[in-house]
Structure formats: C-alpha cells, structure tokens
Amino acid sequence: MEFQAPKGTRDFYPKQMAWQNFLFDAWRRVSIRNGFEQIDGPVIELLDLYQIKSGGEMVGQAFRVRHPETEDEQFAIRPEFTPTLARMVAEQANTLPKPIKWFSIPNVCRAERPQRGRLREHWQWNLDIIGLDSMTADAEAIFAAVDLMQELGLGPEHVRVKISHRQTIGHVLSKLGVADDKMVNAFELLDKRDKIEAQAFSQGASKLGLDGDRLDRFDQTCRMKYAAGQLHLLRQQIGIEENLEDLEDLDEKLTAFGIAPWCEYDLGIVRGFAYYTGTVFEIHETSGAERAIAGGGRYDNLIELFGGPKMSAVGFGMGDVVISLVLADKGLKPEDVSPRPHAFIIPEGDDMTGQVTQLAGQLRQQGLHIRFSYKSTRNMGKLLKEADAAHARYAVIINDQIQQDLVNLKDLDSGTQSQVNASQLPDLLQANNTG
RNA sequence: GUGACCGUAGCUCAACUGGUUAGAGCACCGGGUUGUGAUCCCGGGGGUUGGGGGUUCGAGUCCCCUCGGUCACCCCA
C-alpha cells in the first residue's frame, strides 16, 4: 500500500459513513428538540486563540498549519471547539438574544498517540448554553445529553451522569485545611487519584497539607457517590452547612426534568480543564468500561477571557468514538443503517431494460429510492439476491403485463408477493417508507 | 513524546527445524442450472508476505531500522 490514511484518522466507507450520519442525525434531532441551534466555525484558527485559555495547555497538542508563502506558523487545526465558540459569542454578544443555545458537530484534531476511544481526529457534539445564570441551564444541558442516550437506546442501567461542583469540592478541601492557593493543585490530584499509586497520592496530598486523618477524609470524600435526590445525605456526611445551593437547585431541576435516575453526585469528578467554575459532569458507562462518553460543566469566565462581556456559560462535549464503542459493547449499535431502497426493480423476461429504466425514472422523480440491477442475467434468484443485498424493502417484478399497468410487488421482509397496479406504486412504496 | 505486544488477499487463517511459481475458506466480479431470495457447478480479479536494509546459495520464516495497528502512560475533547 503506497499511501495510507494518517495515523489516528479514519476513512469512512459507505457503511461507516451511514453510521456516522445516523449518529449525527441523532445529535441534531436531540439538539433541535431541546431548543438549540446549529453553528460551526473554521477548521483552522489562529494559533494564538489557543494561547488565551489557561496558559495555552492545548497548544502543544494542536497540529500546526503554515501559510505556504509566509511560512509563518500561525494557524492551528482546531483541537477543540470551545475557543471558537467563545470567540463567536464574544464577537456578537450584544446583539444575540439570550440565552444563547447553540450546538455544533465539528471535527477536531489532536497530535497525540491514538488509543482506545481516542483518535487524532474525531467528531464532537458540543452543546452550550450561554447567558443563563440559573441552574436550569446546567440541568437542561444534562437533560439533552441524557435525551441523546435514550435516543440511542441506552438506559440508566447502561450509563450514569456523574455530577460534581468545583466550589463544593473547594469547600470540602478548605474545611480539611487546603489553602486557597493550592486548590488548583488539589483538583489535579483529585482528578488522577485512580491513576497513580497510593503512595504518590499520599505524597501529593501531604504537600497540600493533608495528612493522616485528613487524608483519609479527603480520599473518602472523593469516593462518595449519592444518587440524585439524595443530596441531604451528602450534606450530612460531608458536614458542610453552606454552599450546596447550586447542587440543591440542580437536584431539584434534574428531578423535575425526570432524569434523576440517570444521575449521581460524585465528588471525584473534577475535569482536567482549569476553566470550569462550577458544575462539572461526565457520563460514564455504569461498570466503568471505556472512557467518559461526555464531559462538561460551567465556565462562567471564558467569554470574558475572549474579549466578550462577562457571561455565564455551561456546556459539554461528546465524541463520536466512545459513544460508538459503548453502543457496540452493549449490542445496541445497529449492524447497518444504510438508507434502504424503497424498491428494487427486476425484469422478468427478455427486452425489459427499457421498461426498468423508465419505471425507475418515474418513481425516482416521485422522491422514492429506487435501484435496479446492471447485470445481464435473467436469473430471478440472483436478481432477488441482489435486491436483498441492497436491503431493498420491496422488489418490483415487471413483465409484459406492465402494458396493462400490472406489476408484481414482492415484500422482501416477509416474502409475500401480490399483483398491483404500477400507477399505485408511489403510494404503496411511500406508505412503507423505512428510510 | 515514553513503554509493551502485533503486522501474510477486503476478512479469518495456512505455508515442516530457512528450500520450487505464497495457498484455502468467506467476501467481491462474471457466467451456468429458463430461473422467486436457498443449495449446487464453472470461471475471474486481487499479495513486491506493511516498507527498507542486512545475514544466507536461498528469507513470509533470522537480525536491524522504519511505517502502521492495538493497549497503557502523558494529557484530555
């Protein structure tokens, strides 16, 4: 093979493309019925755009693009969409009706080694609500994510929304004696507690001023999980009296939205990005298989950072790779979602090719998905097999009787066949439109 | 960027301790059985054994490099 697709990228042959479209359609359907509008931005952005956010942590992972004439290394292929979103919001902030509810399905690229669930290019459903301070926004974002899970056949037994809050964790930590200026370090340590050795964890904790009993409580705190609707237990056990308002508000709204059974509070969820300011959440497969399906949270300072007014914001991202893996794991990923032809036209007898193309043309102009064979064989068995391979819903078998407006309509799912009027075909086929 | 394992046809695999022209099934394409999705029969396209170099009379097989895949780390969408 002389040429290959670049490392960590995928080719989409018809079958894979059909799945990708199926997933994107679900993303769009769910976004739209939840009141979001679709946007997109450029695939390349000025490299500087990624320097703004928290010290440019993303710049190192971005593919660089040089201008062929100036040779300046000033562009980056977008490694994530949030900076583009923030830029777009900041630019039009004063004229856009609030709250802004946008979604997008951009492809994003990162120059890291591929591994399970993480490739160099993937498509990411982003959904954000900007300019709404209320926890209704957080609840609505989570609802949309859950709505999508349900749309794809997943239930609370398959996936769980794990919710935390940076200020709540901050209070717990500060109560345990972590200084404010070490809070960011504490979040980082919390984030990687399951990935590092117990000893490394204790050492890190010790640097933050957490030893002995306090360390145990820290560890215990980040492992506690409470079902939505059980927040009072969390309050009791952590022993915080204050600042659970956000979570309590959120809890109420998740319950009202009817998705409490999908959600739990897990103070171990931190999220790697530094720009989150409040709620943070991830969706995981319940047994912990695969990576996080989605992740997001509140980032109330970001629009301002990009030169806009101070606006609250909450949103999440969901990549196409992990959700597909999870669905496949659960046996919920359809084998083939290619569009099904309404009918496959088969000639019976000699010299029918003219009638086949004529009928195909007529039906296609009616908006129907029609196919026929290019083979010269008149072997009915082979032609039906071809119709079956194309996943056609019906076979329309035509012979001389088409002169009398008569054709045979064979239901390829049930195997039954009947004679019908050719002129009725558009109605008959449309009535069983399976896409 | 670091580490581990793995690369023979589109897929699953075969080829004795290195030994003729690298095979088979499935898939794909064409044809036959005058035929309604099966079965069966015939034929066909496909591989510089991922690529390059080395050892050898001789390499798919042994060695090195490289590319790619998988998984983990790093980091996180």
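Below, chains carry the letters A, B, ... as their sequence lines are ordered, and counting in each starts from 1. All figures in this text were calculated on a predicted structure; none of them were measured in a lab.
The ring-ring contact (aromatic ring centres under 6.0 Å, His included) search around A:Trp102 returns none, not counting sequence neighbours. Residues passing the ring-ring contact (aromatic ring centres under 6.0 Å, His included) test with A:Phe316 are A:Trp125, sequence neighbours excluded. A:Arg298 pairs by the salt bridge (Lys or Arg N to Asp or Glu O under 4.0 Å) definition with A:Asp138, A:Asp300, not counting sequence neighbours.
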Check the interface with nucleotides 44-47 of chain B: list each N/O to N/O pair with the protein under 3.5 Å, or write none.
none

Close N or O pairs between protein and nucleotides 28-34 of chain B (under 3.5 Å):
residue, atom, partner, partner atom, Å
B:rG30, OP2, A:Lys375, NZ, 2.7
B:rG31, OP1, A:Ser376, OG, 2.4
B:rG31, N7, A:Lys382, NZ, 3.1
B:rG31, O6, A:Lys382, NZ, 3.1
B:rG32, N7, A:Lys382, NZ, 3.3
B:rU33, O4, A:Asn379, ND2, 2.2

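Taking only distance into account, the side chain of A:Gln417 meets the base of B:rU36 through a donor-acceptor pair shorter than 3.5 Å. For A:Arg113 against B:rG3, a side-chain-to-base donor-acceptor contact under 3.5 Å is present.
Across B:rG69, B:rG35, B:rG37, the shortest atom-to-atom separation from the side chain of A:Lys410 is found for B:rG37.
Counting non-hydrogen atoms under 4.0 angstrom, A:Ile346 reaches nothing in the nucleic acid. Residue A:Gly8 is in sugar-phosphate contact alone, with no base atom involved, counting any heavy-atom pair closer than 4.0 Å across all strands shown. Among the atoms of the strands shown, none is found under 4.0 Å from any heavy atom of A:Ile293.
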If pairs are Watson-Crick or G-U with both distances under 3.5 Å, what is the dot-bracket string of RNA chain B, marking crossing pairs with [ ] and pairs to another strand with |? (((((((..((((.....[...)))).(((((.......))))).....(((((..]....))))))))))))....

